[in-house]
Amino acid sequence: MNGLIVKDLGMTYELPNGGSVEALRGVGFELAAGEMLTVLGPSGCGKTTLLNIVAGFLAPTAGKVWFGVDGAKPVTAPSRERGLVPGREPGLVTAPGRERGMVFQQGALFEWMSVADNIAFGPRMRGAGKKEMKDIVEQYLNTVGLAGFGNKAIYELSGGMQQRVALARCLANEPHLILMDEPLGALDALTREKMQSLILKIWNDTGKTIVLITHSVEEALMLGQRLFVMAPRPGRIEREYRLPFASRGLDGNLREIKTDAEYVEKREEILSMIWEMEEEIMGRQERAS
Amino acid sequence: MKWLQIALVRLGLRRSGEDARKTVSFGDPAAARGGYFWSFVSVAAVFALWYVATALQWTTPIFLPPPSDVWEQFHATATEGFRGYTLAQHIGVSVYRLLVGFALGCLIGIPIGFSMGLSRVLRGFFDPIVEFMRPIPPLALIPLMIIWAGIDDKPKIILLFLAALWIMVLAARSGVQSIRLSKIHAAYTLGASRTQVLFRVILPNSLPEIFTGMRVAMGVCWGTLVAAELVAADVGIGFMIVVGGKFLETGLVLVGVIVIGVIGAAIDVGMRKLEARLVPWKGMG
Ligand SMILES: Nc1ncnc2c1ncn2[C@@H]1O[C@H](COP(=O)(O)OP(=O)(O)O)[C@@H](O)[C@H]1O
Ligand SMILES: [Mg+2]
């Protein structure tokens with residue numbers, strides 16, 4: 001099993017002027033292998049900070065993150081850049097590693113490489129052979145519905161297609177955990193819906209553990225088996241839901257779910273919760289100024 | 001008549017596609033693209049004006065010799081030579097100095113720029129040197145170069161090297177720093193080592209800015225080259241121009257000027273072509 005354990009995370013950014021921002025306080029949760037978690041919250045509540053800590057890009061000021069602790073083989077890597085430092089606490093996250101993949105919002109693809117070379121990047125870094133890379137590229141182009149697009153340049157693709165490539169590049173490296181920071185944020189509504197179905201399908205087919213950050217309540221409800229609503233200042237988990245919609249969305253129509261009574265009720269509840277948080281933030285800013 | 005239409009579009013005399021149907025063109029960048037027909041017109045106009053001005057004797061030949069004289073001068077320098085060297089040899093020596101100085105500037109400037117873009121220590125270390133040297137016009141260093149390095153090729157090449165160096169340092173530095181952090185993060189999560197991140201992500205990402213820097217540096221190098229050959233040289237295009245000026249041989253000066261203009265433009269076109277080939281994604285993100 002490759003679970004994620006996040007314990008008592010705190011993150012305080014020190015500012016150059018001597019002040020500080022408390023971006024996270026006491027954030028803790030466990031995610032079992034194969035679970036899909038979505039995280040919602042008003043902007044500035046620490047979602048990106050949380051994901052960057054789990055990815056290993058940031059060291060938290062309090063708390064720890066472990067990944068894959070109870071796995072048959074603890075994750076180890078030859079160098080600091082490649083992941084966990086061997087000999088330390090098994091599974092403790094201290095740096096980025098190939099077992100934790102990330103899909104970024106647009107702009108993280110390598111424009112100087114073709115679609116195929118982008119997808120083959122991970123395998124190439126670990127020294128995969130030509131034939132193996134070709135097969136991997138083929139396989140994941142199919143997975144994301146871009147068969148035949150391997151030789152295209154990145155800048156020739158639409159935004160939605162670029163995010164498919166980003167997804168394929170991440171999957172081709174075979175991570176156990178996939179982190180996504182508003183991956184569909186820049187897409188139009190129709191493309192977005194298609195990508196949501198694709199993410200659900202990939203989650204189901206591959207059994208990956210997924211953490212997806214979004215600012216769309218509908219997306220969070222539809223995709224998440226579990227859903228965290230975060231609150232700001234300091235960033236913390238305000239509410240947690242366990243949801244049936246993701247599993248239902250797999251064999252049904254995503255749009256049918258949107259009219260489901262339970263779905264509508266949850267959506268309104270969360271919307272008003274976030275609405276209140278934003279009102280409060282604005283009120284605080286007004287009083288401060 | 002299809003070829004005629006294509007030719008007209010190429011020349012900018014006819015609009016095609018969406019451009020042909022646009023009702024608003026003033027301020028639209030597409031409205032000012034192409035127009036090569038007018039380039040021919042402008043070149044022809046310059047020559048015509050030159051010819052008329054000299055044929056009607058608006059000026060004296062010392063002030064402006066007629067085109068035919070300049071052509072003869074060109075022919076003479078090309079075949080008989082000037083001061084012991086043919087025109088081709090003068091050009092060859094100048095271009096040699098130019099390319100060696102420019103190449104050294106790139107070869108040393110780009111790694112320094114990279115190191116400044118990657119390390120706080122090296123950034124801080126090189127910063128005062130770069131900031132001090134950058135605003136000094138290379139021409140101001142000519143006397144020092146002559147004192148330190150003599151009067152052969154060496155001082156000229158060093159001068160050109162210095163002209164290109166700081167430009168390339170800054171171009172490489174800003175090329176490195178223009179990267180989106182998410183690209184670096186993506187590479188590390190995909191299992192890349194530091195070396196792999198450097199050569200497969202940072203380096204290609206900085207190519208567009210390095211190319212821009214190279215084109216700027218090449219332009220500055222031309223300016224510096226002629227100035228360097230003004231002082232203490234016995235061969236080179238700049239030398240030819242200086243001697244022509246000293247003896248009021250205006251035709252010789254014009255030959256030198258035109259040769260520099262044509263070669264300079266050809267090099268820039270070549271670099272632009274190479275750029276379109278090597279960094280096709282530039283400006284497309
Ligand atoms: N590098 C930083 N330095 C200082 N404060 C930061 C930095 N990054 C984020 N913050 C602050 O931390 C809080 C959380 O930011 P972030 O994690 O980006 O939130 P979200 O992704 O939910 O919008 C915000 O108040 C933000 O201003
Ligand atoms: Mg964010």
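The chains referred to below are lettered A, B, ... by the order of the sequence lines, with proteins before strands, and numbering in each begins at 1. Reckoned from all heavy atoms, side chains included, excluding hydrogens, waters and symmetry mates.
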**Request:** Could you look at A:Glu156 and say if it's the side chain, the backbone, both or neither that has a heavy atom under 4.5 Å from chain B?
**Result:** neither
**chain B contact via A:Leu179 - side chain, backbone, both or neither, heavy atoms under 4.5 Å** = neither
**Message:** Below 4.5 Å, heavy-atom pairs only: which of A:Gly101, A:Ala166, A:Gly107 has the largest tally toward chain B?
**Reply:** A:Gly107
What's the spacing between [X] [atom1] and [Y] [atom2] if we round to 0.5 Å?
X: B:Thr189; Y: A:Arg169; atom1: OG1; atom2: CZ; answer: 7.0 Å
X: B:Asn205; Y: A:Glu111; atom1: CG; atom2: CD; answer: 7.0 Å
X: B:Arg200; Y: A:Met113; atom1: CZ; atom2: CE; answer: 6.5 Å

Around [X], counting heavy atoms of other residues, nucleotides and ligands shown, do more than 12 lie under 6.0 Å from its [atom1]?
X: B:Lys154; atom1: NZ; value: no
X: A:Tyr13; atom1: OH; value: yes
X: B:Glu131; atom1: CD; value: yes
X: A:Asp205; atom1: CG; value: yes

**Asked** Can A:Phe121 and B:Val201 be said to form a side-chain contact (heavy atoms from CB on, under 4.5 Å), step by step?
**Response** CA-CA 11 Å; A:Phe121 189 86; B:Val201 182; 4.1 Å; yes
**Item:** Sole residue of B:Arg180, B:His185, B:Lys183 in side chain to side chain contact (heavy atoms under 4.5 Å, CB included) with A:Phe104
**Value:** B:His185
**Asked** Looking only at heavy atoms, which two atoms of B:Ala192 and A:Met125 are closest? And how far apart?
**Response** CB-SD, 3.8 Å
**Message:** Minimum heavy-atom separation for A:Ala108 and B:Ser182, please, with both atom names.
**Reply:** CB-OG, 3.6 Å
**Prompt:** Would you say the side chain of B:Ile184 lies within less than 4.5 Å of the side chain of A:Phe57, judging by non-hydrogen atoms?
**Reply:** no
**Request:** Pick one of side chain, backbone, both or neither for B:Val279, based on which atoms fall under 4.5 Å of a heavy atom in chain A.
**Result:** neither
